[in-house]
J.: 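Got a structure for you, questions after.
Bear in mind that the values here come from a model prediction, so they are computed numbers and not experimental data.
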Amino acid sequence: MWREIKTIVLIGVCSAVWVAYIFINPYEGNIDLSELILQLSGSAGEFCLGTSLPELIGFMLRMLPNYIIMLVLGINIYRYFCTASVYIFSRCSKRYKWYMKIIFYLFVEVLIYEIIFVATAILITVLRYEVVIDYRGFYVSGYHIFLYTIWNLAWILLINICAIKKGSSNSFLMAIGIQIFFTASLNIITILESYNVPDKIIERIINFNPVAHTVLGWHSGVFFNERLMGNHHSMDMSETIVLILIFGISTVLIGNILIQRHDLLVENIEIGVM
């Protein structure tokens with residue numbers, strides 16, 4: 001596990017340095033901590049993420065570190081599934097405890113990655129600009145870490161659930177493809193707004209898009225009381241927390257059901273070797 005932690009820390013640091021240098025560049029030379037954190041999920045200065053294609057492509061680039069950590073941890077846990085398959089899936093009578101132990105370790109790894117990523121992004125920005133520490137910044141930072149920890153954990157588990165049946169390469173491509181599809185589909189908001197579609201309809205469409213809930217600049221609530229310019233969406237933070245938790249818990253339950261029913265995990269399902 002220590003070797004994996006070192007890899008996770010390295011990915012977190014490198015990813016944060018890249019994102020900080022490319023996307024966190026305040027015009028006035030100073031930035032609030034809360035605003036800094038909002039930059040990590042699409043905001044640009046005082047403006048929230050828009051839904052034009054160029055802005056959505058920029059958002060996908062900011063999400064690239066998430067795709068990388070999903071790939072790395074997804075491969076690691078899938079390999080462990082394959083290594084442990086003969087014993088766990090054929091002899092072990094306490095599969096649930098084994099599975100929950102794996103999820104706990106995976107949760108710790110993802111949490112470490114998110115903490116390192118956010119902390120490094122803040123540190124790099126402090127070295128380049130003046131960062132004003134505002135009280136909302138601590139809450140927004142914690143919310144960002146929580147949200148993306150559960151989001152990434154759920155997708156990693158989903159990748160491995162699919163990998164048991166379809167193979168790791170296909171499952172990873174499917175997971176990333178789904179996220180890119182939902183991100184690109186946000187462009188329909190720009191089209192609807194050009195036709196003066198009522199805001200209530202647009203908000204419903206956005207709320208049905210899971211990727212939209214990872215954009216912190218689109219949220220409202222006690223920690224987001226100062227809305228960013230251009231934000232017409234105002235998703236409720238508590239609603240996003242509930243939806244993300246449902247997503248995470250669902251993947252855990254589905255994975256547990258599959259583990260209980262699966263007798264033997266193939267050694268290399270990509271080529272069908274038993």
J.: Just by modelled atom types, is the Gly248 backbone N or O under 3.5 Å from a matching donor or acceptor in the Thr251 side chain?
T.: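 Yes.
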J.: Looking at every heavy atom in both Ala121 and Ala16, which two are closest together, and how far apart are they?
T.: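 Closest approach of Ala121 to Ala16: N-CB, 3.6 Å.
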J.: Quick one: pull up CE in Met70 and CG in Leu157 and give me the separation to the nearest 0.5 Å.
T.: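 The CE atom of Met70 sits 11.0 Å away from the CG atom of Leu157.
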J.: Pick one: which of Asn66, Val72, Ile68, Thr149 meets side chain to side chain contact (heavy atoms under 4.5 Å, CB included) with Tyr113?
T.: Asn66
J.: Can you tell which of Ile11, Leu10, Val9 makes a side chain to side chain contact (heavy atoms under 4.5 Å, CB included) with Thr7?
T.: Ile11
J.: Please name the pair of heavy atoms, one in Ile5 and one in Glu109, separated by the smallest distance, quoted to 0.1 Å.
T.: CD1-CG, 4.1 Å
J.: Is there a donor-acceptor pair under 3.5 Å between the side chain of Ser194 and the backbone N or O of Ile191?
T.: yes
J.: Could you grab the distance from atom CG of Asn25 to atom CD1 of Ile31, nearest 0.5 Å is fine?
T.: 9.0 Å
J.: With a 4.5 Å heavy-atom cut-off, do Phe182 and Ile178 have their side chains touching?
T.: yes
J.: Which pair of non-hydrogen atoms, one from Thr125 and one from Ala20, has the smallest distance, and what is that distance?
T.: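 Taking Thr125 first and Ala20 second, the nearest heavy atoms are OG1-CB, 4.3 Å.
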J.: Is the closest side-chain heavy-atom distance between Thr190 and Asn187 below 4.5 Å?
T.: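 When only atoms from C-beta onward are counted, Asn187 and Thr190 do touch, with a gap below 4.5 Å.
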J.: Hey, does the side chain of Arg62 reach the backbone of Gln39 with a donor-acceptor pair shorter than 3.5 angstrom?
T.: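 Judged by distance alone, yes, a pair lies under 3.5 Å.
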J.: Can you check whether Ser34's main-chain N or O pairs, donor with acceptor, with Asp134's side chain at less than 3.5 Å?
T.: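 Checking the backbone N and O of Ser34 against the side chain of Asp134, a donor-acceptor pair under 3.5 Å is found.
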J.: Would you please classify the geometry between the His219 ring and the His213 ring as parallel, tilted or perpendicular, with 30° and 60° separating the classes?
T.: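 Perpendicular.
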J.: About how many Å separate CG of Asp32 and CD1 of Ile133, when rounded to the nearest 0.5 Å?
T.: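 Ile133 atom CD1 to Asp32 atom CG measures 9.0 Å (nearest 0.5 Å).
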J.: Among Ile156, Leu153, Asn152, Ile159, which residue meets the side chain to side chain contact (heavy atoms under 4.5 Å, CB included) test with Leu73?
T.: Ile156
J.: Are any non-hydrogen side-chain atoms of Ser141 and Ile37 less than 4.5 angstrom apart?
T.: yes
